[in-house]
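The next block holds one structure in the form of structure tokens; read it before the comments.
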There are 2 protein chains.
Amino acid sequence: MNLPLSQAPPEAPCEVLATRRRRKDARPSELTAAALALFVDKGFAATRLDDVAARAGVSKGTLYLYFSSKEALFKAVIEEGMVAVLAAAEEHLANHQGSAADLLRELLLGWWQQIGSTAMAGLTKLIVSESRNFPEMAQYYHDGVITRGRALLRRALERGVGSGEFRPLNVEAAVDVIMAPLLMLAISRFSLCLCGQQVAPEAYLETHLDLLIRGLQRTGAISERPSNEGMPCN
Amino acid sequence: MNLPLSQAPPEAPCEVLATRRRRKDARPSELTAAALALFVDKGFAATRLDDVAARAGVSKGTLYLYFSSKEALFKAVIEEGMVAVLAAAEEHLANHQGSAADLLRELLLGWWQQIGSTAMAGLTKLIVSESRNFPEMAQYYHDGVITRGRALLRRALERGVGSGEFRPLNVEAAVDVIMAPLLMLAISRFSLCLCGQQVAPEAYLETHLDLLIRGLQRTGAISERPSNEGMPCN
DNA sequence: TATATTACTGACCGATCAGTCATTATCTTT
DNA sequence: AAAGATAATGACTGATCGGTCAGTAATATA
């Protein structure tokens with residue numbers, strides 16, 4: 001095969017050849033962090049456990065002290081990522097006031113800050129790539145993350161439609177349409193120059209929100225928010 | 001490892017145990033078709049060449065008569081897909097009249113018919129998944145498909161903005177924002193229940209177009225097209 | 001039917017890599 | 001300091017799979 005191996009030198013031992021240490025508590029999270037980075041970069045199948053262990057500053061044998069198999073490691077990576085994701089979701093659920101348009105804006109920009117701009121975004125590509133080979137994993141991610149995110153968006157849209165701020169629309173479809181640019185943004189960050197990387201994420205999100213809120217609002221209802229502020233046309 | 005192997009029985013020999021045949025001309029396309037199906041389903045690394053050959057009704061040795069390596073087979077799959085994609089792009093380029101909104105509608109629905117609804121859509125997931133491991137492949141796909149598609153959309157948007165039908169906007173960002181739901185639709189078709197699969201593709205696209213065109217048009221310009229026609233709200 | 005050509009085969013090889021385990025090094029306890 | 005406990009190691013194994021090639025059989029030609 002001879003893959004082009006785009007890897008940087010595998011995590012130079014900055015800890016100046018530290019002698020081996022016994023750190024039972026720290027190992028699991030260090031290993032899942034290393035695994036996340038490599039899985040996201042090279043994909044699940046192409047990632048060698050030797051490399052994961054090396055990146056975590058440990059031998060492969062040690063990895064097997066904490067995870068019973070490569071798949072178990074994968075599950076742990078997903079599960080650990082979930083925690084932050086769900087916490088962010090809770091945060092968004094808590095405080096929602098003002099117009100539906102502002103709520104929508106807050107939700108999408110919050111997603112970017114909490115997830116999209118972090119390493120967590122890599123999970124999106126990982127799941128997309130591997131879901132067919134790990135159906136129960138995909139199901140878990142779907143139920144725990146996607147469904148939850150959809151529920152947030154759906155609520156925001158329904159509130160806007162109910163109050164008359166937004167016009168009637170197919171809410172279920174709109175939820176997916178609204179999420180898609182976010183997911184693609186996350187994916188493109190971990191997938192060499194496919195789409196969207198020429199445009200800065202902020203401008204991308206701002207354009208999405210701008211188009212979206214105008215598209216949602218009742219005809220005639222002029223946005224009271226100063227639109228196009230600081231956004232160059234072309 | 002012991003992957004769950006979601007495979008159906010690997011292409012039961014419908015050709016009733018046909019004795020071996022010499023069909024030099026037909027082999028390459030049969031092999032790339034088999035490879036596309038398996039690559040899209042299981043990913044590149046997890047696909048075995050024995051399975052590709054078996055699915056094409058041939059032995060692995062025969063595969064190597066036509067393709068020098070697994071990666072060469074991958075390239076051929078992409079390249080073969082390209083032909084149809086570029087043909088469709090040319091078609092869209094040729095005939096464009098009427099309003100910019102109609103052109104946009106025609107472009108997006110055309111994408112669905114020519115690409116999104118076909119097996120070609122699987123290439124999107126394939127590229128997303130494997131681009132890091134095959135940079136030159138990603139580059140080729142980017143230059144040959146993404147850039148071309150973006151150019152089409154950009155032209156449509158610029159026409160609308162130029163004629164005053166659309167309001168001024170960040171065209172580059174808008175192109176990506178508009179493409180994202182299409183790409184996610186393609187991806188979700190080959191990635192177990194991640195997003196968008198609960199909603200029928202037609203309703204999804206219609207909602208996208210509806211939101212989009214309203215979002216693009218100048219405030220006050222009422223769409224002359226009967227919107228919401230046959231689309232249930234919720 | 002005999003001969004030549006070549007598409008096709010499948011057993012085989014070598015490299016890779018997930019997973020194992022006997023051994024070693026570190027830390028704790030007394 | 002000695003002994004016990006266990007975290008960590010890395011050489012090893014067995015299975016998998018990309019890639020090879022000597023041989024086989026289908027077709028063309030005479």
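Values below: every heavy atom of this structure, side chains too, minus hydrogens, waters and symmetry copies.
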* Asked: In chain order, what residues pass the salt bridge (Lys or Arg N to Asp or Glu O under 4.0 Å) check against A/Arg23, with sequence neighbours excluded?
  -> A/Glu30

* Structure fact -> From CZ of A/Phe44 across to C1' of C/dC17 the rounded distance in Å is 12 Å

* Length of the line joining B/Lys24:NZ and C/dT6:P, which is rounded to integer Å -> 9 Å

* Main-chain N/O of A/His142 paired to A/Thr147 side chain as donor or acceptor, under 3.5 Å -> yes

* Asked: How would you list all residue pairs meeting ring-ring contact (aromatic ring centres under 6.0 Å, His included) that involve residues 52-71 of chain B, not counting sequence neighbours?
  -> none

* Asked: Taking atom C1' of D/dA7 as reference, at what distance in whole Å does atom CG of A/Leu63 sit?
  -> 14 Å

* **d(NZ, A/Lys70; P, C/dT20) in whole Å** => 15 Å

* Structure fact -> A correct 5'-to-3' footprint of nucleotides 24-30 of chain C, with B, S and - meaning base, sugar-phosphate only and no protein heavy atom under 4.0 Å, is BSBB---

* **Results of side chain to side chain contact (heavy atoms under 4.5 Å, CB included) for B/Ala72 - residues two or more places apart only** => B/Ser68, B/Ser69

* To do: Starting at the 5' end of nucleotides 10-16 of chain C, put B wherever the base has a protein heavy atom under 4.0 Å, S where only the sugar-phosphate does, and a dash everywhere else.
  => B------

* **Short side-chain N/O contact from A/Tyr66 to OP1 or OP2 of D/dA7, under 4.0 Å** => no

* What integer distance in Å separates A/Asp50:CG from D/dT9:P? -> 12 Å

* Asked: Does A/Gly57 or B/Ala45 map to a spot on DNA chain D nearer the 5' end, using the closest nucleotide for each?
  -> A/Gly57

* Structure fact -> Applying salt bridge (Lys or Arg N to Asp or Glu O under 4.0 Å) to A/Asp50 and not counting sequence neighbours gives A/Lys60

* Answer with base, sugar-phosphate or nothing: what part of the nucleic acid does A/Ser68 contact at a heavy-atom distance below 4.0 Å? => nothing

* Asked: Given D/dT9, is OP1 or OP2 found less than 4.0 Å from the side-chain N or O atoms of A/Tyr64?
  -> no

* By side chain to side chain donor-acceptor pair (under 3.5 Å) - contacts of B/Glu106 (at least two apart) -> none

* Would you mind reading off the distance between A/Lys42 atom NZ and C/dC17 atom C1', rounded to a whole angstrom? => 14 Å

* Asked: Partners of A/Lys75 by salt bridge (Lys or Arg N to Asp or Glu O under 4.0 Å), sequence neighbours excluded?
  -> none

* Do B/Leu73 and B/Leu49 have side chains that get closer than 4.5 Å, going by heavy atoms? -> yes

* To do: Would you please name every residue forming a side chain to side chain donor-acceptor pair (under 3.5 Å) with A/Arg22, sequence neighbours left out?
  => none

* Under 4.0 Å between any heavy atoms, over every strand shown, what does A/Leu65 touch: base, sugar-phosphate, or nothing? Just pick one. => base

* Asked: How close or far is atom P of D/dT20 from atom CZ of B/Phe67, stated in whole angstroms?
  -> 15 Å

* Structure fact -> Here the distance between atom C1' of D/dT6 and atom CG of A/Asp25, to the nearest Å, is 14 Å

